[in-house]
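Heads up, the thing below is written out as structure tokens.
Predicted, not measured: the structure shown is a model, and the values here were computed from it. Lettering follows sequence order; numbering is per chain, from 1.
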Amino acid sequence: MSVAQRAWGAVPDSVKESDRQLIAGVLLFTYLLYILAQTFLAIANNAAILPAVANSLQNITFLIAVYAIMALALNLHWGYTGLFNIGIAGFMAVGVYSMSILAAPATGSPPGLGLPIPVAVVGAVAITALVGGIAALPALQLDADYLAIVTVGFSEIIRLVLNASYFAGTVQDPEASGYNVVDIFGIQFGTGGGQGINTPTSSPADFLYSTTSLGDLLYGPSGDPNALGSAVYAAAESVGVNSSVVNGATYSFFLLLVVVTLYYVLLVRIGNSPFGRVLKAIREDELVAQSLGKDTRWFKVKVFMVGCALMGLGGILWQGSFGFVNPNTFRPIVTFYIFTALIVGGAGSNTGSVIGGAVFAAFLFEGPRQLARIVEVLVTSVFGSLPSPTTFYAAVVSLNPLAWLGYTIDNVSTLKFVFLGAVLVYLMQNRSDGLLGHRKEIAASIDLSDRTPRKRESAAADGGESDE
Amino acid sequence: MSDATDTPAPQGKDPDELPEVEDSDIEKAAQETPRGLPLRVQGLEKRFGGITAVDGVSFEVEEGSLTGLIGPNGAGKSTTFNCITGVHDADGGAVLFQGEDITGLKPYEIANRGLVRTFQIARELEEMTVLENMMLSPRGQRGEKLVNAVTPGLRDDVVAQETDLREEVWETLEFFEIDHLAEEYAGNLSGGQRKLLELARALMVDPDMLLLDEPFAGVNPSLEEKLLDRIHDLREQGYTFLLVEHDMDLIMENCERVIVMHQGKLLAEGSPEDIKNNEQVIEAYLGEDV
Amino acid sequence: MDVAETYSDGRRLLVERPAVGLLGVALLYLFVDLMLRLANVPVELMGVEVIGGTLAVSTFGRFLLDGLIVGLVVGLAGVGLSMTYSILNFANFAHGDYVTTGAFSGWIAAYLVGAFTLGVEEPIGRLLMIQAPSLVSAFSSPLAIVVGIILAGLGAVLTALFLDRIVYRPMRDKGGIPLLIASIGVALALRYAIVFIFGTGSRGVTATGSIPEVAIPTGDGTIPMNLHEGTLIVAAVVLMFGIHFLLQRTKLGKAMRAMADNKDLAQVTGIPTERVIRATWIIGGALAGIAGFLIVLERGTLSFNIGWRLLLLIFAGVILGGIGSVYGAMAGGIVIGIASRVSLVWIPSDFARVAAFSVMILVLLYRPEGLFGGVKTA
Ligand SMILES: Nc1ncnc2c1ncn2[C@@H]1O[C@H](COP(=O)(O)OP(=O)(O)OP(=O)(O)O)[C@@H](O)[C@H]1O
Ligand SMILES: [Mg+2]
């Protein structure tokens with residue numbers, strides 16, 4: 001918490017004032033809505049209210065946090081620099097897989113490098129940055145729409161390579177015909193192929209609640225909760241909330257309060273600086289930036305590497321936190337989710353990225369399902385039961401509106417995508433700036449309209465006289 | 001720093017502000033270039049597919065001068081600018097700036113040597129404010145290094161430097177009398193205001209020489225007067241100008257030397273008087289009018 | 001161009017674009033290697049096989065045939081993508097889902113006709129939902145296939161026109177990126193609307209048992225080719241010639257070519273742009289839909305994501321052929337198809353698509369105007 005607070009202190013006041021309120025307001029509204037909805041559902045289903053609400057809140061917090069993190073990372077590429085990178089899923093995959101391979105024990109299947117988890121995470125972020133640097137080469141010379149095709153192709157290449165059994169590392173007998181361990185100068189590892197790979201931990205909160213030694217911290221805690229863990233679990237248990245919800249909530253709020261804040265501060269600092277100004281100029285008109293003496297290619301490479309590193313880390317914190325991952329997690333659809341989140345919030349605005357992440361996660365991604373549950377409860381309470389036709393045809397020919405509703409509710413997870421697509425189209429047609437786009441986030445480290453010269457400031461700071 | 005009498009620093013400009021130049025470079029420049037000719041273009045050529053837009057053009061621009069470059073539409077003036085400033089790769093010829101060969105350098109390298117251009121159609125960074133546009137220009141900003149921009153201790157230096165630059169920016173805006181637009185988005189400016197901003201922005205690079213491509217196009221007459229005054233002021237401070245313009249009277253009244261291009265070739269070069277009376281020039285312009 | 005000039009051009013290319021030179025050398029190596037393999041000549045250097053090897057002509061022939069089949073489909077579908085790219089100035093990420101839409105509409109029609117002509121007793125609901133398994137083949141019910149092809153085209157055309165009306169037309173004045181993002185939205189909506197109706201399951205649609213097959217002899221074996229593969233090849237080739245005729249001989253085709261070259265100019269010269277745009281969607285949509293129907297005919301299974309899975313290959317083909325060129329799209333598609341299958345000579349099948357996408361990226365980087373030069377044929 002104190003890290004987050006200190007970091008927050010670094011954000012310029014002008015930005016902080018309204019934006020903190022805005023983000024807090026959106027989150028508060030979302031939470032209220034979810035609390036209401038879950039309370040209603042719990043009552044309707046005769047379930048205990050508190051555990052249901054707690055579980056739902058930790059779930060939605062997690063989603064809000066990860067989409068905010070990814071939207072912020074993308075904002076650096078697309079919002080600031082105008083780099084149309086739709087290979088996000090691929091860069092996330094590089095991060096998660098690098099971490100998993102670096103951390104996996106050398107004796108595992110697939111084998112890995114057996115490095116301590118913190119080292120693996122740092123290494124994975126560095127690897128993602130490097131891969132991003134390579135992917136940046138096309139970005140140097142391609143128009144946005146070509147870059148889109150290249151990056152989505154790149155991300156599919158990454159996914160297909162991870163999916164191939166050729167590098168899986170699952171057949172470890174060198175004599176066997178399907179031998180597929182990657183061996184580089186004696187360092188052996190594998191990707192797990194289509195079967196996927198274990199990530200170092202399935203419950204990151206254990207680092208807080210179960211760590212009792214340095215070894216636990218380095219290689220993942222195992223075993224019983226420590227003093228803090230026991231106390232927290234017991235307290236939660238007393239109100240009917242089980243330890244897995246506690247773990248989930250702890251990690252989710254860590255992501256939201258610490259990681260999102262850190263990303264936000266970093267992004268604000270990058271954006272509100274001469275560096276960010278050049279990025280903005282590249283987005284607006286690269287030739288102008290060049291004609292004013294800026295080596296835009298180098299800026300683009302840097303920003304691609306940093307953005308990809310942030311995406312890799314985001315992937316690690318998100319997809320890498322479930323204990324297991326496979327290549328299908330990184331289909332292009334994930335990229336489109338993140339793009340939608342950013343576009344909803346408003347590309348170019350960091351506050352918009354966070355709000356977009358929240359709105360996307362709570363209302364576009366998770367909302368339809370919750371709405372369907374509520375509608376189902378309401379309708380069943382009025383009509384007794386809701387038919388559930390097996391096919392679209394059966395539903396249509398039944399000529400029964402209730403059957404239509406039933407089919408719709410059963411397939412709400414599919415309809416969600418149709419809805420998402422429609423939202424994207426709507427935004428592009430009517431509000432391409434998103435909720436908060438086109439906001440004045442001035443790219444400078446100081447308030448440019450205030451002409452107070454430096455001397456006076458330092459004099460005032462030194463306690464000297466100020467001539468006001 | 002070199003002896004001021006050897007390489008005359010533009011008057012009115014603090015010699016300390018000039019980019020550091022190696023002594024050996026200066027010697028080389030002194031050998032190759034007659035003193036006082038910051039820009040030399042030799043046999044410049046540029047082809048687009050079938051057409052030769054610039055066809056072996058050579059000329060020189062004197063230090064501290066206001067030189068006009070004229071020619072009918074499509075004569076190749078903008079293309080010449082583009083080749084000089086590295087926007088296009090020339091197909092042949094050489095460009096020397098302050099005695100150094102800058103042919104084939106990237107636009108940013110050329111700008112960083114102190115040769116800055118504006119565009120015929122003003123290219124504003126539309127979704128950036130006038131202030132942001134101006135703050136972009138200065139060279140050697142510490143905060144353009146990512147580490148300096150984000151690392152807590154180092155960022156203080158960035159803030160300090162930006163605070164100084166801010167004052168300079170405001171002064172320049174006042175000089176161009178567009179300070180009332182400082183917080184406006186560049187995209188909201190009128191055509192004339194954009195031209196002013198573009199010139200002001202180019203100046204913020206702290207160049208030695210400016211290439212202006214039709215800076216008065218679309219500017220109303222009173223603003224044009226103002227802009228011209230500014231240019232004369234700056235010239236007195238030691239800046240060198242090469243100016244593309246269609247308005248003959250304006251060129252003749254304001255420039256001490258005029259270069260005429262026609263169909264990619266250099267047609268004539270000389271004082272306004274010479275040019276006015278040059279048969280070929282008259283013909284070229286008449287030919288266009290008919 | 002005489003030899004010396006070609007030579008010096010080549011040398012300049014090598015100097016200016018070392019990567020292109022490297023690529024050329026790599027391709028040459030692969031070609032020589034392939035020839036040696038086909039001739040069963042392994043060349044060893046110090047016990048390591050450096051080039052050549054063994055490869056049955058029949059195996060290679062089958063790779064070629066597979067590649068041609070995929071390539072024709074990709075090429076057909078690519079025509080529309082290429083045309084919308086050049087005329088409407090955006091990369092249409094929904095194009096793959098037009099392929100899917102066509103396939104579904106075509107197969108519904110084929111099922112209805114098939115059940116009728118074959119006298120199969122199936123409830124209409126199961127036919128409409130394409131649920132009755134493996135019902136028709138080109139052998140048992142050629143009429144069903146013909147009707148299917150037509151309805152596949154029609155279904156995709158109607159979808160494309162409808163979506164243009166509600167999505168793209170209101171956005172004509174917007175840039176390529178908003179349109180591209182909108183098309184991603186369209187792709188999602190369309191694909192999952194299909195899932196909403198038909199579900200995610202993959203369904204077998206062609207009667208597999210009784211399809212006649214020919215065996216093409218190659219000396220060391222045979223290349224089997226069945227009726228559905230033959231149908232696909234014939235239909236695709238006929239359509240490609242049809243497009244050629246349309247573009248070269250009709251007024252509409254000429255207007256389209258003009259507009260692909262320069263939209264503003266076309267507007268000034270009075271070519272009715274909206275009509276040309278509509279024609280673009282019609283032709284592009286029809287070919288995409290038919291391509292979808294044909295690939296399902298050949299593979300035998302239909303699922304909601306066939307088009308999406310093809311999309312990047314289609315992009316690869318279009319880019320290879322040069323964006324905006326209709327012939328380039330066809331040729332590029334065929335090259336991509338064949339390259340992705342022939343690559344199996346050297347790499348495991350897991351990587352066939354990787355190879356195709358890599359080629360696409362390399363072409364975009366080093367020859368963005370396409371392999372067949374920047375000449376806009378149409
Ligand atoms: N990027 C380009 N591609 C192809 N042709 C070009 C390009 N830029 C300029 N040209 C051609 O080169 C010739 C010279 O153009 P240029 O813009 O240099 O003329 P100009 O003297 O600046 O004319 P104007 O007074 O109209 O600005 C013209 O025939 C023009 O059509
Ligand atoms: Mg010009």
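When each of A/Val418, A/Val425, A/Ile343 is scored by its heavy-atom pairs under 4.5 Å with chain C, the top score falls to A/Val418. Between chain A and the options C/Ala356, C/Ala91, C/Gly125, heavy-atom pairs under 4.5 Å are most frequent for C/Gly125. Per-residue heavy-atom pair counts under 4.5 Å with chain C were compared for A/Leu160, A/Ile158, A/Val397, and the maximum is reached by A/Leu160. Ranked by heavy-atom pairs shorter than 4.5 Å toward chain A, the options C/Ile197, C/Val186, C/Leu188 are led by C/Ile197. The greatest number of non-hydrogen atom pairs below 4.5 Å with chain A, out of C/Ala355, C/Ala187, C/Ala182, is found for C/Ala182. Of the listed residues C/Val195, C/Ile124, C/Val167, the one with more heavy-atom pairs under 4.5 angstrom with chain A than any other is C/Val167. Of the listed residues A/Leu420, A/Val396, A/Val161, the one with more heavy-atom pairs under 4.5 angstrom with chain C than any other is A/Val161.
Between C/Ile361 and A/Phe154, the shortest heavy-atom distance links the atoms CD1-N, 3.9 Å. Between C/Leu180 and A/Ala148, the shortest heavy-atom distance links the atoms CD1-CB, 4.2 Å.
Using a 4.5 Å cut-off on side-chain heavy atoms (C-beta onward), A/Leu142 and C/Leu365 make contact.
The CZ atom of A/Phe392 lies 6.0 Å from the CZ atom of C/Phe196; values are rounded to the nearest 0.5 Å. Between C/Ile177 atom CD1 and A/Phe84 atom CZ the span is 5.0 Å, to the nearest 0.5 Å. Summarising the geometry, atom CG belonging to C/Leu312 is positioned 8.5 Å from atom CD1 belonging to A/Ile149; distances are rounded to the nearest 0.5 Å. The CG atom of A/Leu147 lies 9.5 Å from the CG atom of C/Leu364; values are rounded to the nearest 0.5 Å.
Within the 4.5 angstrom heavy-atom criterion, no atom of A/Val423 approaches chain C. Only the side chain of A/Ile86 comes within less than 4.5 Å of a heavy atom in chain C; its backbone stays farther off. Within the 4.5 angstrom heavy-atom criterion, no atom of C/Phe90 approaches chain A. Neither the backbone nor the side chain of A/Leu427 comes within contact range of chain C; no heavy atom of the residue lies under 4.5 Å from a heavy atom of that chain. Proximity to chain A (any heavy atom under 4.5 Å) is restricted, for C/Pro170, to the side chain, taken from C-beta onward. Contacts of C/Ile319 with chain A are made by side-chain atoms alone, with heavy-atom separations under 4.5 Å and no backbone atom involved.
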Please tabulate, one pair per line, the donor and acceptor atoms of chain A and chain C that lie under 3.5 Å from each other, or say none if there are none.
{"residue": "C/Tyr85", "atom": "OH", "partner": "A/Asp145", "partner atom": "OD2", "Å": "2.9"}
{"residue": "C/Ile166", "atom": "O", "partner": "A/Gln429", "partner atom": "NE2", "Å": "3.0"}
{"residue": "C/Val167", "atom": "O", "partner": "A/Gln429", "partner atom": "NE2", "Å": "2.8"}
{"residue": "C/Lys174", "atom": "NZ", "partner": "A/Met428", "partner atom": "O", "Å": "3.3"}
{"residue": "C/Lys174", "atom": "NZ", "partner": "A/Gln429", "partner atom": "O", "Å": "2.9"}
{"residue": "C/Phe196", "atom": "O", "partner": "A/Tyr407", "partner atom": "OH", "Å": "2.5"}
{"residue": "C/Asp350", "atom": "OD2", "partner": "A/Ser165", "partner atom": "N", "Å": "2.8"}
{"residue": "C/Asp350", "atom": "OD2", "partner": "A/Ser165", "partner atom": "OG", "Å": "3.3"}
{"residue": "C/Leu365", "atom": "O", "partner": "A/Gln141", "partner atom": "NE2", "Å": "2.9"}

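Under the salt bridge (Lys or Arg N to Asp or Glu O under 4.0 Å) criterion, no residue pair touches residues 77-86 of chain A, with sequence neighbours excluded.
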